[in-house]
Amino acid sequence: MSSSEQLEEFMNGLIRRNPGEPEFHQAVHEVAQHILPFIQANPKYEKAQILQRLTEPDRIVSFRVCWEDDEGSVRTQRGYRVQHSNAIGPYKGGIRFHDNVTQSILKFLAFEQTFKNSLTGLPMGGGKGGSDFNPKGKSDREIMRFCQSFMTELCRHIGPFTDVPAGDIGVGGREISYMFGQYKRIRNEFTGVLTGKGLAFGGSEIRVEATGYGVVYFMEDMLAQKGEKLEGKVCAVSGSGNVAQYAVEKLLALGAKVITMSDSSGAIHDPDGITTEKLAFIKHLKEVKRGRISEYCDEYPNARYLDGKRPWGVPCDLAFPCATQNEISGEDATLLVQNGCKGVSEGANMPSTKEAIDTFQKARIMFAPSKAANAGGVAVSGLEMTQNSMRLSWSREELNQRLRAIMGDIHRKCVQYGKSDDGHVDYLKGANIAGFVKVADAMLAYGVI
Ligand code: GLU
């Protein structure tokens, strides 16, 4: 059987077993295209059916979450925790609150997380959780009641040696604090059961910055591989949450020019470049005022607002999608390449569609998939767990150095497994194989479980 026939047969079976879950199919396809040929060349994995086993989560918990809104109405949401694989450590991965959360989205995220966490070199398995709760426009007290209700059920499924959730879209420091408080209260236990905690109660320095910084460090390493630098590069960033904010901060620190950011309503294009002061305005707008990015153009009239649009039509040297899944379509990718974009580092999870990835790879531009490029966040979460276990805290400098070293290591592994004879590096292939090998070897060692 040819490798494309083999992939088709594998995907047909997966789609049959997991109907109506397009995001999960997409994430598995992205991995299986490289892992199937790798398995064929390494038959020990084939005999043990490692890929088949890895595409079935260990378990999925789904539960009702009831809470009362400020008007006193009872609201019902669905909560989930997908525990994908604990082959190399406790389940680890974020919690997402967004009205588009489905089982398919959390399964794709948990699957990706297993490979990402393996790439960090730290002992963490993969998981993901969340709810279709929409935090937009909710009061602080509504957020608190929802988080407490969510944790009242979740707390029986997690633990510092079992499953350690963190933040993701819609879940930041405020939500983690409410959930940690509730866990501590119900279990009468102060443990490192969540990461992304406040600094006063077991949180780690650099955790908020880590994903955004890591995405830029990875681009720095890809450029260095080609003898190039970030300095002077024109960058398009999407998103305006935690990942985007700290990616922009690091890009500015390294001398790049950032001309776009966005939110779910639209994008801003600032031809003069987003400066440190302008970034502070966005941070305040998003973290304190919880307003819309369009307000940037009222403050800085030279910028234009692209209503309902993403930033990919704006010419740039490098693109940093830091908003959400499938935010770069095939057409967006064609536009980026036509406009001279030479590299993409994914800050969000799976922001490029299959067509977009095909376009980037055909154009042979640098493409860093999220499981490698955005692993800095979960890596520092792993270091938060280490500090909690040791009952001490490392300094900012120490953590930033460790983060930098981990991102460099991930880049090296991608090159090791993804470099072809002509010197071109397929970072997607490299990340998939490097992430797979460690998990697969652990699974082989355990026998059939
Ligand atoms: N949600 C983040 C991710 O996608 C972080 C997960 C964590 O820190 O556990 O990797």
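Note that the numbering runs from 1 along the sequence shown for the chain. Atoms considered below: every heavy atom in the structure, side chains included; atoms not considered: hydrogens, waters and symmetry mates. Indexing begins at 1, ligand by ligand and atom by atom, following the structure's order.
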How does V164 reach ligand 1, by side chain, by backbone, by both or by neither, if only non-hydrogen atoms under 4.0 Å count?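 Neither part.
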Measure R207 to ligand 1 on non-hydrogen atoms and call it side chain, backbone, both or neither using the 4.0 Å cut-off.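 Just the side chain.
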Can you tell me which residue and heavy atom of the protein come closest to atom 6 (C) of ligand 1, and the distance to 0.1 Å?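 Of the protein heavy atoms, G94 N, 3.6 Å lies nearest.
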Against ligand 1, does Q113 come closer than 4.0 Å with any heavy atom?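 Under 4.0 Å: yes for Q113.
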Check if G167 has a non-hydrogen atom at a distance under 4.0 Å from any atom of ligand 1.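 Flag set, G167 near ligand 1.
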Which atoms of ligand 1 have any heavy atom of [X] under 4.0 Å away?
X: N349; answer: 4 (O)
X: S381; answer: 7 (C), 8 (O), 9 (O)
X: K128; answer: 1 (N), 3 (C), 4 (O)
X: A166; answer: 7 (C), 8 (O), 9 (O)

If you draw the axis of the six-membered ring of F133, does the NZ or CZ of K138 fall within 45° of it and under 6.0 Å from the ring centre?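 The answer is yes, since K138 meets both limits relative to F133.
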Cation-pi check for F190 against K184: NZ or CZ below 6.0 Å from the six-membered ring centre and within 45 degrees of the axis, yes or no?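 No, K184 and F190 do not form such a contact.
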Among D263, L306, I274, whose side-chain contact (heavy atoms from CB on, under 4.5 Å) with I268 holds?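 Among D263, L306, I274, the one that satisfies the side-chain contact (heavy atoms from CB on, under 4.5 Å) with I268 is I274.
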Within a strict 4.5 Å, meaning less than it, do heavy atoms of the M366 and V344 side chains meet?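 Result no, sub-4.5 Å side-chain heavy-atom pair not found.
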Assess the pair F320 and F218: is the distance between their ring centroids shorter than 6.0 Å?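 They do not qualify: ring centres at least 6.0 Å apart.
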Between E23 and S104: side-chain donor-acceptor atoms closer than 3.5 Å: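 Yes, side-chain donor-acceptor contact under 3.5 Å.
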Measure from atom 10 (O) of ligand 1 to every heavy atom in K116, K92, R96, E112 and give the option owning the shortest one.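 Checking each option, the heavy atom nearest atom 10 (O) of ligand 1 is found in K116.
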What verdict does the side chain to side chain donor-acceptor pair (under 3.5 Å) test give for D426 and Q361, after you've listed the backbone C-alpha separation in whole Å, the side-chain angles of each residue and the deciding distance to 0.1 Å? CA-CA 8 Å; D426 181 340; Q361 294 202 317; 3.1 Å; yes
